[in-house]
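Note that this is a predicted model, so its numbers are computed, not measured. Chain letters run A, B, ... following the sequence lines, proteins first, then strands; residues in each count from 1.
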Protein chains: 2
Amino acid sequence: MKTIKEIAQEANVSEGTVDRVLHNRGGVSKKTETKIKAIIKAHNFSVNPVASALALKNKFSIAALIPVHNTSDLFWKSPNIGITKAAEDIKTFGTQVLTLTYNQQKPESYINAFNELLKSNPSAFIIAPSFSEETKEIVAVLEAKNIPYIFLNIEIEGFNNLSFVGQDAFTAGYIAAKLMQSKTLESSSFLIIQSRKNITNNNAVFKRIEGFTKYFIEHNIPHKILTLEIENQESKSIRKTRINTYLKNHPDIKGVFVPSSRIHMIVDSMKDEYLNNIELIGFDNTPQNVECLMTDSVSYLISQKPFDQGYNAIKLMNDYLVKNTIPDRKIYLPIDILIKENVIYNENSY
Amino acid sequence: MKTIKEIAQEANVSEGTVDRVLHNRGGVSKKTETKIKAIIKAHNFSVNPVASALALKNKFSIAALIPVHNTSDLFWKSPNIGITKAAEDIKTFGTQVLTLTYNQQKPESYINAFNELLKSNPSAFIIAPSFSEETKEIVAVLEAKNIPYIFLNIEIEGFNNLSFVGQDAFTAGYIAAKLMQSKTLESSSFLIIQSRKNITNNNAVFKRIEGFTKYFIEHNIPHKILTLEIENQESKSIRKTRINTYLKNHPDIKGVFVPSSRIHMIVDSMKDEYLNNIELIGFDNTPQNVECLMTDSVSYLISQKPFDQGYNAIKLMNDYLVKNTIPDRKIYLPIDILIKENVIYNENSY
DNA sequence: CTGAAAGCGCTTACAG
DNA sequence: CTGAAAGCGCTTACAG
């Protein structure tokens, strides 16, 4: 491995000058610049990131803005752990990470947390952009300040985000349909239960449903898809009544698809006679959902690798800051098919 | 963050002395040691790994000893890429990685490659221990020299390996059976085809078959399991004859399970009439196997995350060397269930 | 436009 | 048993 010193000697200049061209810091004559660049290229030289990190000491910080998790929806706990783990790993580069959470029901909390993070003067942002209008405001600020940002988990278009890290929701829904179909007879009816208001994260839920529906159409499988909306706020008893009444009135339903991480709340409310005779497929290996897998209430969970989402987003951003590595515009993580038997090996970071 | 300098000042000693107690390097009086330790503890101090890495520059090297890959079995290409990628990542710690491959049919090549690696005086070894007798010899040398080693992919017992990184083969086979069963009727017969001699890697193949069989027994599912052995050396035409004749003579066979990474060679040889009516399940997302998934010849592939195996083994060893982090004794990677639709998102590192 | 020098925090001979 | 000093490779004021 060459060093800057050696490059400098070969070019008959000082190390400082090499550093200047290395980082396009200007103030170098065209002639020396050309000479140095040639030598750098000839040796395929790249700076030693350790030495760089040490010299830059605490130069960079990454702000992460993600939803809070709560007992009924633990989903965001896992990306948060991924972020923390990555933060630990990149300490070696002197990069700091600051995470703040917001309430997915309250756009103001999103803006407030963002402003709070901004105060610390971060070099970059990782954002789970739950609210599209507010995200526009936020992004305007970031772009004015030239702060790079990566979107996490929630895929929205029309922004100059450095990258998106998450799941291909359409394909995930498509796969759910295939799995569902393999467990039921042809010409079955399926029920989609949306357990939370579509105001947040709606893109993913919407795309999952789209993928689910598309599978049956593409394969010319006779089917009927029904939809039931159940709000978060509803009490368990109301939920019970609504679900079980619905199923009673639609005895042709052979499968229930829950395109959110809340399938456990559906399982919770369904009568045993339905639980035993209807196939259920949901998303995300939260502890409550995994429990449903273990008791055979749910056949499959599709996981979007929440830990990896957080971990990768931070690492990619750090590589961008420290090494100037440009990440792919979209990073789609593997779509994990989880069953009772393999779920334990999938790092359950809750 | 405190620095060694500050700790030293507070203890009225030099930085060198603090370093000595930090790394238990001895040569420090009991009294100063106690004093320094107290101060370290009080501030919850830990060394800056970046500075440490820079100062230690090129102190460590890891030797990796794995099977070679070839066109008919690409499996080992992917762990190799994982190793290379990890090597890239840990360059920042000044750790070097040297990989040598051996022929899984030739124990001598295993020993020879090991001796070659030993010459470079590595700080640690990553070994895929294909041959148990030869591994004993190798390990004796390593233990005499106090060189730590991690076993990769092939799980053998009775050694003081720092860790094992790979798959829980029994559960993988068990899952294969569950998937197979969901695609076939009760009371079916299943054929297990072993496409390579059991001399190498036999543990994994053996355990997969064990898990496969166990599933049917545990669930009281009437079944019959047949076995066909086909050697590597056999030509495609002989393979064709043997497989198709066997299937003709056993029309009750509804599923074929190939507990190795060579299911593509079976698909290659089976007549269409069998291909269309028999469920096939195999292991590993090599390009040829993925092709079988895409053409619907194979229903499921179970992947053991070969890239991650290589990557993780190197990273764990580096953490052990650089930070003295002790890894878990067994690291079982997730058992990936791959179908046509999700296989593209599983990093296919071939 | 360019160089010399100090500094990031730790480790390591070397001297005593 | 302990300290002073050089060095790892890069970055950054500062001086010219």
Among the nucleotides [options], which one has an atom lying closest to any side-chain atom of [X]?
X: B:Arg20; options: C:dG3, D:dG3, D:dC10; result: D:dG3
X: B:Thr17; options: D:dG3, C:dG9, C:dG3; result: D:dG3
X: A:Ala55; options: C:dG9, C:dT11, D:dG9; result: D:dG9

Can you tell me if the side-chain N/O atoms of [X] get under 4.0 Å from OP1 or OP2 in [N]?
X: A:Thr32; N: C:dC1; result: no
X: B:Ser29; N: D:dC1; result: no
X: A:Ser52; N: D:dC10; result: no
X: B:Thr3; N: C:dG9; result: no

Checklist entry - Starting at the 5' end of DNA chain C and moving along, which residue's nearest nucleotide shows up first, A:Asn12 or A:Leu54? => result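 It is A:Asn12 whose nearest nucleotide is closer to the 5' end.
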
Checklist outcome for this item: 5'-most contact on DNA chain C (nearest-nucleotide basis), B:Val47 vs A:Gly26, goes to A:Gly26

Checklist entry - Under 30°, 30 to 60°, or over 60°: which ring-plane class applies to B:Tyr149 and B:Phe151, parallel, tilted or perpendicular? => result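 It falls in the tilted class, 30° to 60°.
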
Could you give the [atom1]-to-[atom2] distance, from [X] to [N], as a whole number of Å?
X: B:Phe60; N: C:dT11; atom1: CZ; atom2: P; result: 10 Å
X: B:Lys5; N: C:dG7; atom1: NZ; atom2: P; result: 8 Å
X: B:Ile4; N: C:dC8; atom1: CD1; atom2: P; result: 14 Å
X: A:Glu6; N: D:dC8; atom1: CD; atom2: P; result: 10 Å
X: B:His23; N: C:dT12; atom1: NE2; atom2: P; result: 8 Å

Checklist entry - If we call it a pair only when both distances are under 3.5 Å in a Watson-Crick or G-U wobble match, what pairs with D:dC14? => result C:dG3

Could [X] and [Y] be called an ion pair, given the rule that one side-chain N must be under 4.0 Å from one carboxylate O?
X: B:Glu116; Y: B:Lys119; value: yes
X: A:Arg329; Y: A:Glu155; value: no
X: A:Glu143; Y: A:Lys136; value: no

Checklist entry - If you find the nucleotide of DNA chain D closest to A:Glu15 and the one closest to B:Val28, which residue's nucleotide is nearer the 5' end? => result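 First, find each residue's nearest nucleotide; the 5'-ward one identifies B:Val28.
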
Checklist outcome for this item: Residue pair A:Gly16/A:Ala51 against DNA chain D: nearer the 5' end by closest nucleotide is A:Ala51

Next on the checklist: Keeping B:Glu6 on the side-chain end and B:Thr3 on the backbone end, is there a donor-acceptor pair under 3.5 Å?
Outcome noted: yes

